[in-house]
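These numbers come from a predicted model, not from an experiment.
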Amino acid sequence: MANTKNTRDAQNAQNPSDETEEREPAGERLSPMEVLRNARAQLAELTGMQAESVSSFEQTEDGWALEIEVMELARVPDTMSLMASYQVELDPEGQLTGYRRVRRYERGRADARGGR
């Protein structure tokens, strides 16, 4: 057992994880497109739903805040599909720190909440 652990430790030392390789060097900022891609990919991985669009995006004191639209339930016709807006927060390095669904709506419905 100890032999297997030592072998794994040696392999990990020689081949750092992809996560380490993908991180930006210290002090280098992510571009807005990198932040958007990270947010969409991480939300999809956590929820199992693909992002259709990003409806808001801003840099904050704590990192980044986005609102991402996803299709939660496909229906026929498509205008009756159930959509949702998720508020997503990322740290300055682009790692998701939290998300929550802020509303659900049918794709074909006009928004009665004044543009939200």
Side-chain angles (χ1 to χ4, degrees):
M1 196 85 165
N3 231 2
T4 304
K5 182 184 181 317
N6 291 340
T7 302
R8 266 190 255 131
D9 290 345
Q11 288 172 344
N12 289 340
Q14 291 174 357
N15 301 320
S17 71
D18 291 338
E19 181 180 326
T20 304
E21 291 176 15
E22 289 177 15
R23 289 191 178 239
E24 295 294 314
E28 196 170 312
R29 295 178 98 178
L30 293 175
S31 73
M33 288 308 297
E34 290 171 314
V35 172
L36 289 172
R37 283 187 209 107
N38 286 347
R40 291 172 61 120
Q42 291 176 74
L43 183 65
E45 186 174 347
L46 288 169
T47 64
M49 296 177 285
Q50 294 297 317
E52 291 208 354
S53 64
V54 175
S55 56
S56 75
F57 173 74
E58 67 179 302
Q59 190 168 13
T60 66
E61 290 180 7
D62 299 326
W64 304 89
L66 297 87
E67 194 162 309
I68 299 176
E69 310 299 317
V70 301
M71 181 176 14
E72 288 197 333
L73 180 61
R75 292 186 178 155
V76 176
D78 190 47
T79 56
M80 297 301 292
S81 292
L82 192 56
M83 304 293 294
S85 294
Y86 282 83
Q87 183 176 352
V88 177
E89 297 171 2
L90 292 89
D91 66 17
E93 289 79 36
Q95 298 302 307
L96 193 139
T97 59
Y99 74 92
R100 72 174 180 266
R101 185 174 63 201
V102 292
R103 71 184 176 114
R104 288 177 103 184
Y105 57 97
E106 290 177 339
R107 184 189 297 269
R109 297 262 176 172
D111 197 346
R113 291 182 15 179
R116 271 221 56 161

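Classification of the F57-W64 ring pair by plane angle, with boundaries at 30° and 60°, yields parallel.
The nearest pair of heavy atoms linking N38 to L30 is ND2-CD1, 3.9 Å. The two residues G94 and Q42 make their nearest non-hydrogen contact at O-NE2, 2.8 Å. The heavy-atom pair separating A74 from S81 by the smallest distance is CA-OG, 3.6 Å. The shortest non-hydrogen separation linking V70 to A51 is CG1-CA, 3.8 Å.
Side-chain atoms of S53 never come within 3.5 Å of backbone atoms of S55 as a donor-acceptor pair (strictly under, hydrogens ignored).
In this structure, CD1 on I68 lies 8.0 Å from CG on L36, to the nearest 0.5 angstrom. With rounding to the nearest 0.5 Å, the separation of CZ in R75 from CD in E106 is 6.0 Å. The structure places CG of L43 at 12.0 Å from CD of Q87, a figure rounded to the nearest 0.5 Å. Taken from CZ in R104 to CZ in R109, the straight-line distance is 14.0 Å, to the nearest 0.5 Å.
Side-chain atoms of E89 and D62, non-hydrogen and from C-beta on, never get closer than 4.5 Å to each other.
Atom CD of Q59 is surrounded by more than 12 heavy atoms from other residues, nucleotides or ligands within 6.0 Å.
V76 and M83 sit in two unconnected hydrophobic clusters of ILVMFWY residues. Membership requires side-chain heavy atoms under 4.5 Å apart, directly or through other members.
Results of the salt bridge (Lys or Arg N to Asp or Glu O under 4.0 Å) test with R107 over E69, E72, E52 single out E52 as the only residue that passes.
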